[in-house]
Amino acid sequence: MATASLGGVSLRRIGEVFAAERRRYVDAHPRSLQRTGRGIAGYFDGVPMHWMRDWSMPFPFVVESARGATLHDIDGNEYADFCLGDTGSMFGHSPRPVAEAIARQADQGLTYMLPTDDAIAVGPLLVERFGLPHWQIATTATDANRFALRVARAVTGRPKILVFNGCYHGTVDETFVRLVDGRAVNRPGLLGQFTDLTQLARVVEFNDVDGLRHELAHGDVACVITEPVLTNSCMVLPEPGFLDQVRRLTRATGTLLLIDETHTISTGPGGYTRTHGLEPDLFVLGKPIAGGVPASVWGFTDDVARRLHEVQARTPPGHSGMGTTLSANALALAAMRATLEHVMTADAYRHMERLAGMLANGLQATIDVRRLPWHVVRVGARVEFVCAPGPLRNGTQAEAAHAPELEQAVHLALLNRGCLIAPFHNMMLVCPATTEAQVARLQDAFAAVTDALVT
Ligand SMILES: Cc1ncc(COP(=O)(O)O)c(C=O)c1O
(Lines give C-alpha, C1' and ligand atoms only; values in the text may rest on other atoms or scores of the structure.)
Protein backbone atom coordinates (compact mmCIF):
# COMPACT_ATOMS: atom_id res chain seq x y z
CA MET A 1 0.00 0.00 0.00
CA ALA A 2 1.35 3.44 -0.91
CA THR A 3 2.41 5.56 2.09
CA ALA A 4 0.66 8.92 2.35
CA SER A 5 3.12 11.66 1.52
CA LEU A 6 3.45 15.35 0.85
CA GLY A 7 6.09 16.89 -1.41
CA GLY A 8 7.76 13.50 -1.72
CA VAL A 9 8.08 13.06 2.07
CA SER A 10 5.99 10.61 4.08
CA LEU A 11 3.44 12.18 6.42
CA ARG A 12 4.78 10.00 9.21
CA ARG A 13 8.28 11.42 8.80
CA ILE A 14 6.96 15.00 8.55
CA GLY A 15 5.07 14.45 11.82
CA GLU A 16 8.18 13.07 13.56
CA VAL A 17 10.38 15.94 12.40
CA PHE A 18 7.78 18.55 13.35
CA ALA A 19 7.29 17.04 16.83
CA ALA A 20 11.05 17.00 17.47
CA GLU A 21 11.38 20.60 16.29
CA ARG A 22 8.51 21.71 18.52
CA ARG A 23 10.24 20.20 21.54
CA ARG A 24 13.48 21.91 20.59
CA TYR A 25 11.67 25.24 20.17
CA VAL A 26 9.98 25.00 23.57
CA ASP A 27 13.32 24.21 25.26
CA ALA A 28 15.01 27.20 23.61
CA HIS A 29 12.31 29.75 24.48
CA PRO A 30 11.47 29.52 28.21
CA ARG A 31 10.98 33.26 28.68
CA SER A 32 8.84 33.65 25.58
CA LEU A 33 6.79 30.67 26.71
CA GLN A 34 6.11 32.48 29.96
CA ARG A 35 5.07 35.67 28.15
CA THR A 36 3.07 34.37 25.18
CA GLY A 37 2.54 30.66 25.81
CA ARG A 38 -0.96 31.14 27.22
CA GLY A 39 -1.75 34.11 25.03
CA ILE A 40 -0.97 37.74 25.77
CA ALA A 41 -3.41 39.33 28.20
CA GLY A 42 -5.83 41.85 26.77
CA TYR A 43 -5.86 40.61 23.21
CA PHE A 44 -8.51 38.65 21.39
CA ASP A 45 -7.01 35.19 20.89
CA GLY A 46 -3.91 36.31 22.74
CA VAL A 47 -2.10 38.33 20.06
CA PRO A 48 -2.30 41.97 18.93
CA MET A 49 -2.66 40.87 15.29
CA HIS A 50 -3.84 37.49 14.13
CA TRP A 51 -0.82 36.97 11.81
CA MET A 52 1.22 36.39 14.96
CA ARG A 53 -0.50 33.07 15.52
CA ASP A 54 0.09 31.90 11.95
CA TRP A 55 3.75 30.96 12.34
CA SER A 56 5.05 27.43 12.62
CA MET A 57 6.10 27.75 16.27
CA PRO A 58 3.83 26.59 19.10
CA PHE A 59 3.85 30.15 20.56
CA PRO A 60 5.50 33.31 19.25
CA PHE A 61 8.88 34.32 20.59
CA VAL A 62 9.18 37.87 21.87
CA VAL A 63 11.50 40.10 19.86
CA GLU A 64 14.05 42.03 21.85
CA SER A 65 15.67 43.92 18.97
CA ALA A 66 16.35 43.81 15.26
CA ARG A 67 18.97 45.59 13.22
CA GLY A 68 19.95 45.00 9.60
CA ALA A 69 19.30 41.33 8.85
CA THR A 70 19.66 40.14 12.43
CA LEU A 71 16.97 39.70 15.02
CA HIS A 72 17.28 38.80 18.73
CA ASP A 73 14.61 37.38 21.01
CA ILE A 74 14.27 37.74 24.78
CA ASP A 75 15.55 34.19 25.23
CA GLY A 76 18.98 35.13 23.91
CA ASN A 77 18.50 33.52 20.49
CA GLU A 78 19.82 35.23 17.37
CA TYR A 79 18.22 34.83 13.95
CA ALA A 80 19.34 35.64 10.44
CA ASP A 81 16.11 37.26 9.33
CA PHE A 82 15.05 36.28 5.82
CA CYS A 83 11.38 37.10 6.53
CA LEU A 84 12.05 40.78 7.04
CA GLY A 85 8.51 41.54 8.11
CA ASP A 86 7.12 39.85 4.97
CA THR A 87 8.81 42.63 2.89
CA GLY A 88 8.01 45.53 5.28
CA SER A 89 11.69 45.50 6.21
CA MET A 90 12.97 44.39 2.81
CA PHE A 91 15.86 46.84 3.14
CA GLY A 92 16.81 45.65 6.61
CA HIS A 93 15.63 46.52 10.09
CA SER A 94 16.03 50.17 11.06
CA PRO A 95 18.40 51.15 8.23
CA ARG A 96 20.62 53.89 9.68
CA PRO A 97 19.38 56.73 7.38
CA VAL A 98 15.76 55.85 8.16
CA ALA A 99 16.40 55.63 11.91
CA GLU A 100 18.10 59.05 11.80
CA ALA A 101 15.28 60.59 9.77
CA ILE A 102 12.72 59.22 12.22
CA ALA A 103 14.70 60.60 15.18
CA ARG A 104 14.97 64.02 13.51
CA GLN A 105 11.28 64.16 12.70
CA ALA A 106 10.26 62.89 16.13
CA ASP A 107 11.12 66.29 17.57
CA GLN A 108 9.30 68.28 14.90
CA GLY A 109 5.80 66.91 15.03
CA LEU A 110 4.57 63.68 13.52
CA THR A 111 1.40 64.49 11.62
CA TYR A 112 -0.33 67.75 10.69
CA MET A 113 -1.96 67.36 7.24
CA LEU A 114 0.45 69.85 5.69
CA PRO A 115 3.59 69.33 3.60
CA THR A 116 7.15 69.34 4.92
CA ASP A 117 10.45 69.72 3.07
CA ASP A 118 10.55 65.93 2.92
CA ALA A 119 7.18 65.87 1.15
CA ILE A 120 8.52 68.37 -1.39
CA ALA A 121 11.58 66.20 -2.00
CA VAL A 122 9.69 62.90 -2.28
CA GLY A 123 7.37 63.86 -5.18
CA PRO A 124 10.17 64.32 -7.75
CA LEU A 125 12.00 61.28 -6.35
CA LEU A 126 8.97 59.09 -7.11
CA VAL A 127 8.62 60.54 -10.61
CA GLU A 128 12.27 59.95 -11.37
CA ARG A 129 12.43 56.46 -9.91
CA PHE A 130 9.22 54.90 -11.18
CA GLY A 131 8.65 56.94 -14.33
CA LEU A 132 5.05 58.04 -13.70
CA PRO A 133 4.25 61.75 -13.40
CA HIS A 134 1.50 61.88 -10.71
CA TRP A 135 1.67 60.45 -7.16
CA GLN A 136 -0.31 60.18 -3.98
CA ILE A 137 0.74 58.84 -0.60
CA ALA A 138 -1.30 56.39 1.45
CA THR A 139 -0.58 54.33 4.54
CA THR A 140 -0.81 50.73 3.38
CA ALA A 141 -0.62 48.94 0.06
CA THR A 142 -4.21 47.89 0.63
CA ASP A 143 -5.28 51.53 0.78
CA ALA A 144 -3.20 52.47 -2.25
CA ASN A 145 -4.79 49.66 -4.27
CA ARG A 146 -8.28 50.64 -3.14
CA PHE A 147 -7.74 54.26 -4.12
CA ALA A 148 -6.14 53.41 -7.44
CA LEU A 149 -9.02 51.06 -8.31
CA ARG A 150 -11.52 53.77 -7.41
CA VAL A 151 -9.77 56.12 -9.79
CA ALA A 152 -9.77 53.46 -12.50
CA ARG A 153 -13.52 53.04 -12.15
CA ALA A 154 -14.07 56.77 -12.06
CA VAL A 155 -12.14 57.54 -15.22
CA THR A 156 -13.37 54.59 -17.29
CA GLY A 157 -16.95 54.64 -16.03
CA ARG A 158 -16.78 50.83 -15.91
CA PRO A 159 -17.91 48.76 -12.93
CA LYS A 160 -15.57 45.76 -12.76
CA ILE A 161 -11.96 44.94 -12.14
CA LEU A 162 -10.07 41.89 -13.34
CA VAL A 163 -7.71 39.88 -11.15
CA PHE A 164 -5.63 36.81 -11.72
CA ASN A 165 -6.56 33.70 -9.82
CA GLY A 166 -4.46 33.31 -6.67
CA CYS A 167 -3.74 37.02 -6.39
CA TYR A 168 -3.37 38.99 -3.18
CA HIS A 169 -3.46 42.77 -3.16
CA GLY A 170 -4.19 43.34 0.51
CA THR A 171 -7.66 43.37 2.01
CA VAL A 172 -9.30 44.95 -1.01
CA ASP A 173 -12.78 43.42 -1.08
CA GLU A 174 -13.28 43.02 -4.80
CA THR A 175 -9.97 41.19 -5.23
CA PHE A 176 -11.13 38.37 -2.93
CA VAL A 177 -12.40 36.19 -5.73
CA ARG A 178 -11.14 32.85 -6.97
CA LEU A 179 -11.69 30.45 -9.83
CA VAL A 180 -13.18 27.12 -8.84
CA ASP A 181 -13.71 24.70 -11.72
CA GLY A 182 -13.46 27.65 -14.08
CA ARG A 183 -16.11 29.66 -12.23
CA ALA A 184 -15.54 32.85 -10.25
CA VAL A 185 -16.55 32.59 -6.57
CA ASN A 186 -15.90 34.55 -3.37
CA ARG A 187 -12.62 33.50 -1.82
CA PRO A 188 -13.28 30.97 0.97
CA GLY A 189 -12.84 32.09 4.58
CA LEU A 190 -14.03 35.70 4.18
CA LEU A 191 -15.72 36.98 7.31
CA GLY A 192 -18.81 39.13 7.19
CA GLN A 193 -18.89 39.08 3.44
CA PHE A 194 -22.47 39.59 2.34
CA THR A 195 -21.75 40.77 -1.19
CA ASP A 196 -21.27 38.49 -4.14
CA LEU A 197 -17.87 39.86 -5.10
CA THR A 198 -18.05 38.26 -8.52
CA GLN A 199 -20.47 41.08 -9.40
CA LEU A 200 -17.49 43.41 -9.10
CA ALA A 201 -14.67 41.34 -10.51
CA ARG A 202 -13.65 38.97 -13.27
CA VAL A 203 -11.03 36.30 -12.63
CA VAL A 204 -8.60 34.73 -15.08
CA GLU A 205 -5.65 32.38 -14.60
CA PHE A 206 -2.23 34.03 -14.72
CA ASN A 207 -0.43 33.29 -18.02
CA ASP A 208 -3.77 32.65 -19.76
CA VAL A 209 -3.86 35.08 -22.68
CA ASP A 210 -6.99 33.59 -24.26
CA GLY A 211 -8.88 33.75 -20.97
CA LEU A 212 -7.88 37.36 -20.51
CA ARG A 213 -8.94 38.25 -24.06
CA HIS A 214 -12.31 36.60 -23.49
CA GLU A 215 -13.03 38.37 -20.19
CA LEU A 216 -11.90 41.80 -21.42
CA ALA A 217 -14.12 41.47 -24.48
CA HIS A 218 -17.16 42.12 -22.24
CA GLY A 219 -16.05 45.77 -22.19
CA ASP A 220 -17.01 46.24 -18.52
CA VAL A 221 -13.57 46.00 -16.90
CA ALA A 222 -12.13 49.27 -15.64
CA CYS A 223 -8.78 47.87 -14.66
CA VAL A 224 -6.62 44.78 -14.62
CA ILE A 225 -4.78 44.68 -11.31
CA THR A 226 -1.80 42.36 -11.12
CA GLU A 227 1.60 41.75 -9.71
CA PRO A 228 4.13 41.17 -12.51
CA VAL A 229 5.00 37.90 -10.77
CA LEU A 230 2.31 36.13 -8.79
CA THR A 231 3.92 36.10 -5.34
CA ASN A 232 1.28 35.39 -2.80
CA SER A 233 0.79 31.68 -3.09
CA CYS A 234 3.74 29.71 -4.40
CA MET A 235 5.56 32.05 -6.77
CA VAL A 236 4.54 32.01 -10.45
CA LEU A 237 6.68 33.77 -13.03
CA PRO A 238 5.12 35.31 -16.14
CA GLU A 239 5.74 33.24 -19.24
CA PRO A 240 7.69 35.00 -22.00
CA GLY A 241 5.46 37.58 -23.68
CA PHE A 242 2.60 37.27 -21.18
CA LEU A 243 2.95 40.74 -19.67
CA ASP A 244 3.26 42.23 -23.19
CA GLN A 245 -0.02 40.58 -24.06
CA VAL A 246 -1.64 41.90 -20.90
CA ARG A 247 -0.61 45.40 -21.91
CA ARG A 248 -1.68 44.92 -25.54
CA LEU A 249 -5.10 43.52 -24.64
CA THR A 250 -5.81 46.12 -21.96
CA ARG A 251 -4.96 48.92 -24.35
CA ALA A 252 -7.03 47.38 -27.13
CA THR A 253 -10.11 47.24 -24.90
CA GLY A 254 -9.75 50.61 -23.16
CA THR A 255 -8.90 48.87 -19.88
CA LEU A 256 -6.39 50.36 -17.46
CA LEU A 257 -3.48 48.34 -16.11
CA LEU A 258 -2.48 48.57 -12.44
CA ILE A 259 0.84 47.01 -11.50
CA ASP A 260 1.18 46.22 -7.79
CA GLU A 261 4.90 46.12 -6.98
CA THR A 262 4.56 45.58 -3.24
CA HIS A 263 6.57 42.33 -3.36
CA THR A 264 8.27 42.56 -6.74
CA ILE A 265 10.13 45.70 -5.72
CA SER A 266 12.64 42.97 -4.87
CA THR A 267 13.57 43.04 -8.58
CA GLY A 268 15.40 46.37 -8.71
CA PRO A 269 15.33 50.01 -7.55
CA GLY A 270 12.42 50.82 -9.91
CA GLY A 271 10.69 47.50 -9.36
CA TYR A 272 9.93 44.85 -11.97
CA THR A 273 8.27 47.63 -13.96
CA ARG A 274 11.47 49.54 -14.58
CA THR A 275 13.72 46.49 -14.95
CA HIS A 276 11.43 44.96 -17.57
CA GLY A 277 10.09 48.13 -19.22
CA LEU A 278 6.42 47.63 -18.27
CA GLU A 279 4.04 50.50 -19.01
CA PRO A 280 1.31 50.56 -16.35
CA ASP A 281 -1.40 53.22 -16.17
CA LEU A 282 -1.42 52.91 -12.39
CA PHE A 283 1.32 51.74 -10.07
CA VAL A 284 1.23 50.74 -6.39
CA LEU A 285 4.00 50.14 -3.92
CA GLY A 286 3.55 49.67 -0.19
CA LYS A 287 5.34 48.04 2.71
CA PRO A 288 9.11 48.75 2.40
CA ILE A 289 8.85 52.14 0.66
CA ALA A 290 9.41 53.99 3.95
CA GLY A 291 11.89 51.50 5.41
CA GLY A 292 9.28 49.84 7.63
CA VAL A 293 7.29 52.92 8.68
CA PRO A 294 3.70 52.42 7.47
CA ALA A 295 3.38 54.16 4.09
CA SER A 296 2.54 53.42 0.48
CA VAL A 297 2.58 55.26 -2.82
CA TRP A 298 0.41 55.10 -5.88
CA GLY A 299 1.08 56.81 -9.16
CA PHE A 300 -0.53 57.27 -12.56
CA THR A 301 -0.04 58.61 -16.06
CA ASP A 302 -0.83 62.02 -17.54
CA ASP A 303 -3.77 60.46 -19.36
CA VAL A 304 -5.30 59.13 -16.12
CA ALA A 305 -4.67 62.49 -14.43
CA ARG A 306 -6.39 64.38 -17.24
CA ARG A 307 -9.41 62.07 -17.18
CA LEU A 308 -9.57 62.25 -13.40
CA HIS A 309 -9.72 66.04 -13.55
CA GLU A 310 -12.56 65.80 -16.09
CA VAL A 311 -14.50 63.44 -13.82
CA GLN A 312 -13.87 65.63 -10.78
CA ALA A 313 -15.18 68.64 -12.69
CA ARG A 314 -18.47 66.77 -13.32
CA THR A 315 -18.82 65.33 -9.81
CA PRO A 316 -20.83 67.19 -7.17
CA PRO A 317 -18.87 68.27 -4.07
CA GLY A 318 -18.57 65.64 -1.32
CA HIS A 319 -16.25 62.88 -0.16
CA SER A 320 -14.15 61.19 -2.85
CA GLY A 321 -14.01 57.93 -0.89
CA MET A 322 -10.24 58.15 -0.84
CA GLY A 323 -7.83 59.07 1.92
CA THR A 324 -7.12 58.25 5.54
CA THR A 325 -6.20 60.85 8.14
CA LEU A 326 -2.63 59.76 8.79
CA SER A 327 -1.71 59.28 5.12
CA ALA A 328 1.28 61.39 4.01
CA ASN A 329 2.13 62.26 7.60
CA ALA A 330 5.43 63.97 8.27
CA LEU A 331 7.05 60.93 9.88
CA ALA A 332 6.22 58.65 6.95
CA LEU A 333 7.55 61.16 4.44
CA ALA A 334 10.78 61.65 6.38
CA ALA A 335 11.30 57.88 6.41
CA MET A 336 10.32 57.57 2.74
CA ARG A 337 12.75 60.25 1.66
CA ALA A 338 15.59 58.58 3.55
CA THR A 339 14.67 55.22 2.04
CA LEU A 340 14.53 56.52 -1.52
CA GLU A 341 17.68 58.64 -1.25
CA HIS A 342 19.95 56.43 0.81
CA VAL A 343 18.61 52.89 1.20
CA MET A 344 16.98 51.65 -2.03
CA THR A 345 20.17 52.28 -3.98
CA ALA A 346 21.59 50.49 -7.02
CA ASP A 347 24.51 49.31 -4.85
CA ALA A 348 22.13 47.86 -2.28
CA TYR A 349 20.27 45.97 -5.01
CA ARG A 350 23.53 44.63 -6.48
CA HIS A 351 24.35 43.08 -3.12
CA MET A 352 20.83 41.72 -2.67
CA GLU A 353 20.79 40.23 -6.16
CA ARG A 354 24.19 38.54 -5.75
CA LEU A 355 23.41 36.94 -2.41
CA ALA A 356 19.90 35.94 -3.47
CA GLY A 357 21.43 34.21 -6.51
CA MET A 358 23.85 32.33 -4.24
CA LEU A 359 21.02 31.34 -1.93
CA ALA A 360 18.79 30.10 -4.74
CA ASN A 361 21.58 28.05 -6.30
CA GLY A 362 22.54 26.55 -2.96
CA LEU A 363 18.98 25.52 -2.11
CA GLN A 364 18.38 24.05 -5.56
CA ALA A 365 21.59 22.02 -5.28
CA THR A 366 20.45 20.63 -1.93
CA ILE A 367 17.07 19.70 -3.41
CA ASP A 368 18.72 18.04 -6.39
CA VAL A 369 21.12 15.97 -4.30
CA ARG A 370 18.26 14.66 -2.17
CA ARG A 371 16.12 14.05 -5.26
CA LEU A 372 13.19 15.87 -3.75
CA PRO A 373 10.44 16.84 -6.23
CA TRP A 374 10.80 20.51 -5.25
CA HIS A 375 12.11 23.61 -7.00
CA VAL A 376 13.45 27.08 -6.28
CA VAL A 377 12.19 30.26 -7.89
CA ARG A 378 13.51 33.80 -7.55
CA VAL A 379 12.64 37.36 -8.48
CA GLY A 380 15.60 39.56 -7.61
CA ALA A 381 16.15 39.54 -3.85
CA ARG A 382 13.12 37.30 -3.25
CA VAL A 383 13.81 33.56 -3.21
CA GLU A 384 11.29 30.82 -2.64
CA PHE A 385 11.46 27.05 -2.43
CA VAL A 386 8.34 25.23 -3.51
CA CYS A 387 7.70 21.69 -2.27
CA ALA A 388 6.43 20.59 -5.69
CA PRO A 389 7.87 20.37 -9.20
CA GLY A 390 8.00 23.56 -11.27
CA PRO A 391 7.75 25.90 -12.94
CA LEU A 392 4.20 26.72 -11.89
CA ARG A 393 1.96 28.34 -14.50
CA ASN A 394 -0.93 29.83 -12.58
CA GLY A 395 -2.74 30.32 -9.29
CA THR A 396 -4.48 26.95 -9.35
CA GLN A 397 -1.16 25.16 -9.71
CA ALA A 398 0.40 27.43 -7.10
CA GLU A 399 -2.28 26.62 -4.56
CA ALA A 400 -2.01 22.91 -5.26
CA ALA A 401 1.77 23.12 -4.78
CA HIS A 402 1.41 24.16 -1.14
CA ALA A 403 2.27 21.46 1.38
CA PRO A 404 1.25 23.08 4.68
CA GLU A 405 2.37 20.40 7.16
CA LEU A 406 5.67 19.90 5.38
CA GLU A 407 6.29 23.64 5.11
CA GLN A 408 5.56 24.12 8.82
CA ALA A 409 8.09 21.46 9.73
CA VAL A 410 10.73 23.03 7.48
CA HIS A 411 10.05 26.55 8.76
CA LEU A 412 10.34 25.50 12.39
CA ALA A 413 13.51 23.51 11.75
CA LEU A 414 15.09 26.53 10.04
CA LEU A 415 14.03 28.77 12.91
CA ASN A 416 15.55 26.37 15.44
CA ARG A 417 18.80 26.68 13.49
CA GLY A 418 18.76 30.48 13.62
CA CYS A 419 17.04 31.31 10.32
CA LEU A 420 13.69 33.05 10.10
CA ILE A 421 11.69 32.80 6.87
CA ALA A 422 8.22 34.11 5.98
CA PRO A 423 5.39 32.16 7.60
CA PHE A 424 2.76 32.09 4.85
CA HIS A 425 4.84 31.11 1.90
CA ASN A 426 8.40 29.80 1.68
CA MET A 427 9.75 33.26 0.98
CA MET A 428 13.29 34.28 1.83
CA LEU A 429 14.36 37.88 1.31
CA VAL A 430 17.91 39.10 1.10
CA CYS A 431 18.42 42.67 2.32
CA PRO A 432 21.37 45.05 1.95
CA ALA A 433 22.64 44.00 5.39
CA THR A 434 22.42 40.23 4.80
CA THR A 435 25.84 38.60 4.91
CA GLU A 436 27.31 35.64 3.05
CA ALA A 437 27.65 33.93 6.43
CA GLN A 438 23.88 34.28 6.98
CA VAL A 439 23.17 32.83 3.55
CA ALA A 440 25.50 29.93 4.37
CA ARG A 441 23.70 29.44 7.68
CA LEU A 442 20.37 29.18 5.90
CA GLN A 443 21.78 26.77 3.32
CA ASP A 444 23.20 24.57 6.09
CA ALA A 445 19.93 24.66 8.00
CA PHE A 446 18.00 23.74 4.85
CA ALA A 447 20.40 20.86 4.20
CA ALA A 448 19.93 19.64 7.77
CA VAL A 449 16.14 19.65 7.69
CA THR A 450 15.90 18.08 4.24
CA ASP A 451 18.32 15.39 5.45
CA ALA A 452 16.08 14.74 8.42
CA LEU A 453 13.02 14.54 6.17
CA VAL A 454 14.44 12.06 3.68
CA THR A 455 16.07 9.85 6.33
C1 LIG B 1 1.16 42.29 -3.73
C2 LIG B 1 0.59 42.87 -2.48
N3 LIG B 1 -0.14 43.97 -2.55
C4 LIG B 1 -0.68 44.53 -1.45
C5 LIG B 1 -0.49 43.96 -0.21
C6 LIG B 1 -1.10 44.59 1.00
O7 LIG B 1 -0.17 45.19 1.81
P8 LIG B 1 -0.65 45.76 3.22
O9 LIG B 1 -0.97 44.57 4.04
O10 LIG B 1 0.55 46.49 3.74
O11 LIG B 1 -1.80 46.64 2.99
C12 LIG B 1 0.26 42.81 -0.09
C13 LIG B 1 0.48 42.18 1.23
O14 LIG B 1 1.07 41.16 1.39
C15 LIG B 1 0.83 42.24 -1.25
O16 LIG B 1 1.54 41.13 -1.18
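As the structure lists them, so they are numbered: ligands from 1, and atoms in each ligand from 1. The basis for the numbers below is simple: all heavy atoms, side chains too, and nothing from hydrogens, waters or symmetry mates.
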Gly170: numbered ligand 1 atoms lying under 4.0 Å from its heavy atoms: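 Those atoms are 4 (C), 5 (C), 6 (C).
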Distance under 4.0 Å to a non-hydrogen atom of His169: what atoms of ligand 1 satisfy this?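 Close to His169: 3 (N), 4 (C), 5 (C).
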Judging by distance only, is a nitrogen or oxygen of Glu227 under 3.5 angstrom from one on ligand 1?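 N/O-N/O distance under 3.5 Å: no.
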Is the shortest N/O to N/O distance between His263 and ligand 1 below 3.5 Å?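 In this structure, His263 places an N or O atom under 3.5 Å from an N or O of ligand 1.
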Under 3.5 Å donor-acceptor, Glu384 side chain and His425 backbone: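 Side chain of Glu384 to backbone of His425: no pair is present.
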Side chain Arg382, main chain Thr231, donor-acceptor under 3.5 Å: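 The answer is yes, because a donor-acceptor pair under 3.5 Å joins these two groups.
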Establish, yes or no, whether a centroid distance under 6.0 Å links the rings of Phe242 and Phe164.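 Between Phe164 and Phe242, which both carry aromatic rings, the centre distance is below 6.0 Å.
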Quick one: nearest non-hydrogen protein atom to [atom], plus distance?
atom: atom 3 (N) of ligand 1; result: Asp260 OD2, 2.6 Å
atom: atom 14 (O) of ligand 1; result: Lys287 NZ, 2.7 Å
atom: atom 7 (O) of ligand 1; result: Ala141 CB, 3.3 Å

Answer yes or no: are there more than 12 heavy-atom neighbours, outside Met49 itself, under 6.0 Å from its atom CE?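 It does: Met49 CE has more than 12 such atoms within range.
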Is there a donor in the side chain of [X] and an acceptor in the side chain of [Y], or the other way round, less than 3.5 Å apart?
X: Thr156; Y: Arg153; answer: no
X: Thr396; Y: Glu205; answer: yes
X: Gln312; Y: Thr315; answer: no

[X] contact mode with ligand 1 (heavy-atom cut-off under 4.0 Å):
X: Asn232; result: side chain
X: Asp143; result: neither
X: Thr142; result: both

